[in-house]
Amino acid sequence: MLNGPMLVARDQAHGRLAALIESNKPLPVSLEGETIYYMGPAPAKPGDIIGSCGPTTASRMDPYTPLLMDCGLLCSIGKGPRLSAVADAVVRNNGLYLYAYGGCGALYAACVTSVETIAFEDLGPEALLRITVRNFPVIAAIDSNGKNIYPVS
Amino acid sequence: MSSVYPSEVIVQKLSRAVRDAGVFLPEDVKHALRKAYEQQLQDAPDSLGASVFEHILQNIKDAETHRLPICQDTGMAVVFAEQGIEGYVSRDIESVIHKALAQAVKEGNFRPSVVEDPVFTRKNTMTGLPAVIHYSRIPGDVLRISGLLKGFGSENCSAVSMLNPTAGEQGVIGAVLEAVKKAGGKPCPPVIIGVGIGGTADSAPILAKRALLRETGSAHPDQRYAELERTILDQVNRLGIGPGGLGGDTTALAVMIEHAHTHIAGLPVAVNISCWADRKFCVEIAVNE
């Protein structure tokens, strides 16, 4: 179970972060020691702070993850296997990749205690967010020793 | 009196069915998941796979209790509109369907997940629309509108193989296994596999989608295809991918085939995978209802 703050970003936000890094421009948020949850939430019901918010398929972020980890990102959370380049980046940076239960958007909505938009608001559900979670269930999928619960490809 | 499928009835029935499809998993899928969980508890009670099932079943309950979408990826709506030829729709049917879907997206707190340009702007339409709609005309006096809320974690794992005409059953089995192996843990297993066989390179995937509308686990009425479904399911479940892709014997809950005539030179096989959250809907509207 995870407790604490984390960033939320998926495809388009990753593309933009990578483009900023590659052009030596400042990032909207420091990645140092950060966790990124691969997720794009459904809209909140009136009175709620977030809608359904389960993990998306992590492999689509594979082209960006090693670069982001080399810029300080410590941990990513998603569903599904990663490329070996990501597993290598996890080991190299003493990081982690965590599996969150796929399809369980309603369950994860109950774990979120705060939501703040950090950047890329024009992307709608793909904006870069910071959320705080409580009792957020995950399984360690790739650890800093290279232990991987998925077959490596 | 002319025979009309009243547009307001279509909007009312369809919007409710779609909204509910995003929140309440159909009984046939829940039943298949519970059965698979019981099997998992017998085979490997302390496994990661068992934990995946526990969270899935809890999530289904949470979605129902809080009226939240089961999954934040409320998908792209794929709609089959089959119009009985003895009636007509008083307004342009596409706008009627889209009106119903827009209402469902709003009332169901669905995520807007559709972009208007696939390559350049990728600008979110922020409405969850448009849908992909397949129209057909059928005998009778009923308008049937069915479909899927298709998440893209699983849609991205679709495949079409244009096999040799002599590839036969083994060719079909091989094509499905290859697609499922390649998908691995990405599409949120345990999955439901739709297989479309025959037709052309464009119609076979539509057959595969249609197959996903069938009752989960129901057998094909043709014994030969029913047997082929069982064989593929058995072999898929020996791949070891397992719930969540974390290993185990339940990679798929069901395999369902639809087939059609094809050309002498080919054997198209399309695979369309649904995640365990197989969200589907079906409404029927009678003339002058």
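Atoms considered below: every heavy atom in the structure, side chains included; atoms not considered: hydrogens, waters and symmetry mates. By convention in this document, chain letters (A, B, ...) are assigned in the order of the sequence lines, proteins followed by strands, and residues within each chain are numbered from 1.
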J.: Relative to chain A, which of B:A277, B:G151, B:G245, B:S51 shows the most heavy atom pairs under 4.5 Å?
T.: B:S51
J.: So for A:A44, is it side chain, backbone, both, or neither that comes closer than 4.5 Å to the heavy atoms of chain B?
T.: backbone
J.: Are A:Y99 and A:Y97 close enough that their ring centres sit under 6.0 Å apart?
T.: no
J.: Can you tell me if B:S154 and B:K150 form a side-chain donor-acceptor pair at under 3.5 Å?
T.: yes
J.: When you compare the side chains of A:T57 and A:K79, does any donor N or O come within less than 3.5 Å of an acceptor on the partner?
T.: yes
J.: Name the option with the most non-hydrogen atom pairs under 4.5 Å to chain B; the candidates are A:G102, A:G80, A:G103, A:G40.
T.: A:G103
J.: Among the options A:P125, A:G51, A:A109, A:S59, pick out the one with the most heavy-atom pairs lying under 4.5 Å from chain B.
T.: A:P125
J.: Salt bridge or not for B:E27 and B:K30, using N-O below 4.0 Å?
T.: yes
J.: Let me see the working for B:W276 and B:I56 under side chain to side chain contact (heavy atoms under 4.5 Å, CB included), right down to the final yes or no.
T.: CA-CA 9 Å; B:W276 61 260; B:I56 287 173; 3.5 Å; yes
J.: Looking at A:E126 and A:R16, is any side-chain nitrogen of the basic one under 4.0 Å from a carboxylate oxygen of the acidic one?
T.: no
J.: Between B:V23 and B:R67, which heavy-atom pair has the shortest distance, and what is it?
T.: CG1-CA, 3.9 Å
J.: Would you mind telling me which of A:H14, A:M6, A:M69, A:R10 makes a side chain to side chain contact (heavy atoms under 4.5 Å, CB included) with A:I36?
T.: A:H14
J.: At a 4.5 Å cut-off on heavy atoms, which part of B:A63 comes close to chain A: side chain, backbone, both, or neither?
T.: both
J.: Is it the side chain or the backbone of A:C104 that comes within 4.5 Å of chain B heavy atoms, both, or neither?
T.: both
J.: Using modelled atom types and a 3.5 Å cut-off, is there a donor and acceptor pairing between side-chain atoms of A:S52 and backbone atoms of B:P69?
T.: yes
J.: Salt-bridge test for B:K209 and B:E155: reply yes if a basic N is under 4.0 Å from a carboxylate O, no otherwise.
T.: yes
J.: Counting heavy-atom pairs under 4.5 Å to chain B, which of A:G105, A:G54, A:A106 comes out on top?
T.: A:A106
J.: Select all residues of residues 102-129 of chain B having any heavy atom within less than 4.5 Å of some heavy atom of chain A, and report them by number, or 'none'.
T.: B:N109, B:F110, B:R111, B:P112, B:R122, B:N124, B:M126
J.: Between A:G124, A:P41, A:A58, which has the largest tally of heavy atom pairs under 4.5 Å with chain B?
T.: A:P41
